[in-house]
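Input: a single structure, listed below in structure tokens.
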Amino acid sequence: YTFDISKIKKGYWPKKERRTNMLTTKQARENQEKYGFNELVEGKKKSIMQIFLEQFKDFLVIILIISAVISGILGDAESAIVIFVVITMNAILGTVQTVKAEQSLNSLKQLSAPEAKVARDGNIIQIPSREVTIGDEVILEAGDCIPADGKLIECASLKVDESALTGESIAVEKNLDEVAVGTALGDQTNKVFSGSFVTYGRGRYEVTAIGMNTEVGKIADLMKNTSEPLQVNLDDFGKKLSILILVFSGIIFGVNVFQGESIGSAFMFAVALAVAAIPEALSSIVTIVLSFGTQKMAKE
């Protein structure tokens, strides 16, 4: 059974193909209230000043600040100034790269389709993809971006580019055959996913996941949250390294005093050793590497 796809745009759907479980406008609004809108949600954004101040919370940086203060009290203003300048430059660099990393979520948002054709009240209408909801039947044609995840209910030579999600450059040929539970994303040929687009054919599918519950939404959620355990590991490593450095500095201080050096001179030497050994840019370097990675992936 075939029909002119151009008629779909005019709100026409052949009686033979008309489904009885299409959503009504009222049902769609109820579902929107229940499930929310089809959009990626960002967490509460921190101000640039908050991000800047957080650069000084690192345990390694705190030790450097204490070292600088002690150096200033002991009359070595030059060392104190140098340490503060290095810490400040490091904080500025970390702030800039952190802000750039946060922009990666906006790049994911651009993968979302601006509009979608859905079947409601027995007609085909075009709506903003934000208003697509669970249970909607979405009409797909070649060139369309897929607005939400769902299961195919009609398929005619449909091919979909899912490279944004799977990395597979070849378009996937879709069909209505059932696939086993737990099948890899790229092998789920009876489903379509937000963030991909139709390269050939046409089809229709029922929306099963929107917004942050889609596959691209899960990626966005990971991007927001995976930095936390990494930061915990870095902080833990920094504390252990700092304790080790302080122990060695204390030993050197004791040895120098034992050998007859003045306490002030021995202490400044120990402080200099601690400042030289502490990798104050550790957290910033990790942030920079991660942000470069996310920016490159967003561009791809």
Side-chain angles (χ1 to χ4, degrees), residues 1-41 108-162 164-165 171-179 185 188-218 220:
Y1 183 83
T2 60
F3 56 89
D4 183 0
I5 195 70
S6 65
K7 292 181 179 179
I8 292 178
K9 298 177 181 178
K10 299 174 183 177
Y12 171 86
W13 194 260
K15 291 182 179 179
K16 187 175 180 180
E17 294 295 317
R18 190 180 295 277
R19 292 175 59 89
T20 57
N21 61 343
M22 290 182 184
L23 289 184
T24 63
T25 301
K26 181 181 178 181
Q27 289 173 326
R29 287 175 182 169
E30 290 174 352
N31 283 358
Q32 286 171 357
E33 291 177 1
K34 182 178 180 181
Y35 301 108
F37 287 100
N38 180 35
E39 57 188 357
L40 298 183
V41 180
L108 281 178
K109 281 186 172 182
Q110 294 173 7
L111 294 175
S112 301
E115 292 186 327
K117 293 185 289 292
V118 300
R120 286 187 188 171
D121 298 316
N123 296 313
I124 306 301
I125 60 174
Q126 195 153 335
I127 62 173
S129 62
R130 181 176 181 271
E131 297 178 9
V132 172
T133 189
I134 302 294
D136 261 330
E137 291 181 15
V138 180
I139 313 301
L140 297 176
E141 301 177 55
D144 285 350
C145 289
I146 296 173
D149 293 2
K151 188 174 182 180
L152 287 165
I153 54 180
E154 182 181 308
C155 180
S157 303
L158 185 67
K159 292 184 180 180
V160 178
D161 186 329
E162 298 177 344
L165 294 174
V172 179
E173 189 168 350
K174 298 292 182 176
N175 55 63
L176 302 180
D177 298 336
E178 292 292 331
V179 297
L185 190 67
Q188 296 182 29
T189 52
N190 65 336
K191 296 180 180 180
V192 290
F193 305 98
S194 175
S196 50
F197 65 93
V198 180
T199 59
Y200 187 81
R202 69 174 189 272
R204 181 171 53 155
Y205 75 95
E206 184 176 348
V207 175
T208 57
I210 60 173
M212 297 301 288
N213 292 320
T214 62
E215 294 300 325
V216 73
K218 293 175 184 177

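Only heavy atoms go into these numbers, but all of them, side chains included; no hydrogens, no water, no symmetry mates.
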* **Evaluation steps, side-chain contact (heavy atoms from CB on, under 4.5 Å), between Val118 and Val132** => CA-CA 8 Å; Val118 300; Val132 172; 4.2 Å; yes
* Asked: When Ile146 is tested against each of Val216, Val207, Val138, Val192 for side chain to side chain contact (heavy atoms under 4.5 Å, CB included), which residue passes?
  -> Val192
* Asked: Is Asp121 reaching over with its side chain to a backbone N or O of Thr25, donor-acceptor style, under 3.5 angstrom?
  -> yes
* Say whether, by atom type as modelled, one donor and one acceptor occur between the side chain of Asn31 and the main chain of Ile134 under 3.5 angstrom. => yes
* Asked: Any donor-acceptor pair under 3.5 Å linking the side chain of Thr199 with the backbone of Lys159?
  -> yes
* Could you give the distance from CG (Leu152) to CG (Leu176), rounded to the nearest 0.5 Å? -> 6.0 Å
* Structure fact -> Shortest non-hydrogen pair, Glu141 vs Val198, comes out as O-CB, 3.3 Å
* To do: With rounding to the nearest 0.5 Å, note down the distance linking CG in Asn213 to CG in Asp149.
  => 9.0 Å
* **Side chains of Glu178 and Lys151 in contact at under 4.5 Å (non-hydrogen atoms)** => yes
* Looking only at heavy atoms, what is the nearest atom pair of Phe193 and Glu162, with distance? -> CD1-OE2, 3.6 Å
* Evaluate the criterion side-chain contact (heavy atoms from CB on, under 4.5 Å) for residue pair Arg120 and Asp136; output intermediate values, then yes/no. => CA-CA 8 Å; Arg120 286 187 188 171; Asp136 261 330; 2.7 Å; yes
* Structure fact -> Here the gap from Cys155 atom SG to Arg204 atom CZ, rounded to the nearest 0.5 Å, amounts to 12.0 Å
* **Side chains of Lys117 and Asp144 in contact at under 4.5 Å (non-hydrogen atoms)** => yes
* Thr24 backbone acceptor or donor facing Gln27 side chain under 3.5 Å -> yes
* Asked: Is a donor on one side and an acceptor on the other found under 3.5 Å between the side chain of Tyr205 and the backbone of Ala148?
  -> yes
* State which residues pass side chain to side chain contact (heavy atoms under 4.5 Å, CB included) with Glu33; sequence neighbours excluded, sorted by chain then number. => none
* Once you round to the nearest 0.5 Å, how far does CD of Glu39 lie from OG of Ser129? -> 9.0 Å
* Asked: Checking Lys174 side chain against Lys191 main chain: does a donor-acceptor pair fall under 3.5 Å?
  -> yes
* Check whether more than 12 heavy atoms from other residues, nucleotides or ligands sit under 6.0 Å from atom CD of Glu173, and answer yes or no. => no
* Who are the salt bridge (Lys or Arg N to Asp or Glu O under 4.0 Å) partners of Asp161, not counting sequence neighbours? -> none
* Taking the side chain from Asn38 and the backbone from Gly211, do they hold a donor-acceptor pair closer than 3.5 Å? -> yes
* To do: First locate atom OG1 of Thr133, then atom CZ of Arg29, and finally report the distance between them rounded to the nearest 0.5 Å.
  => 12.5 Å
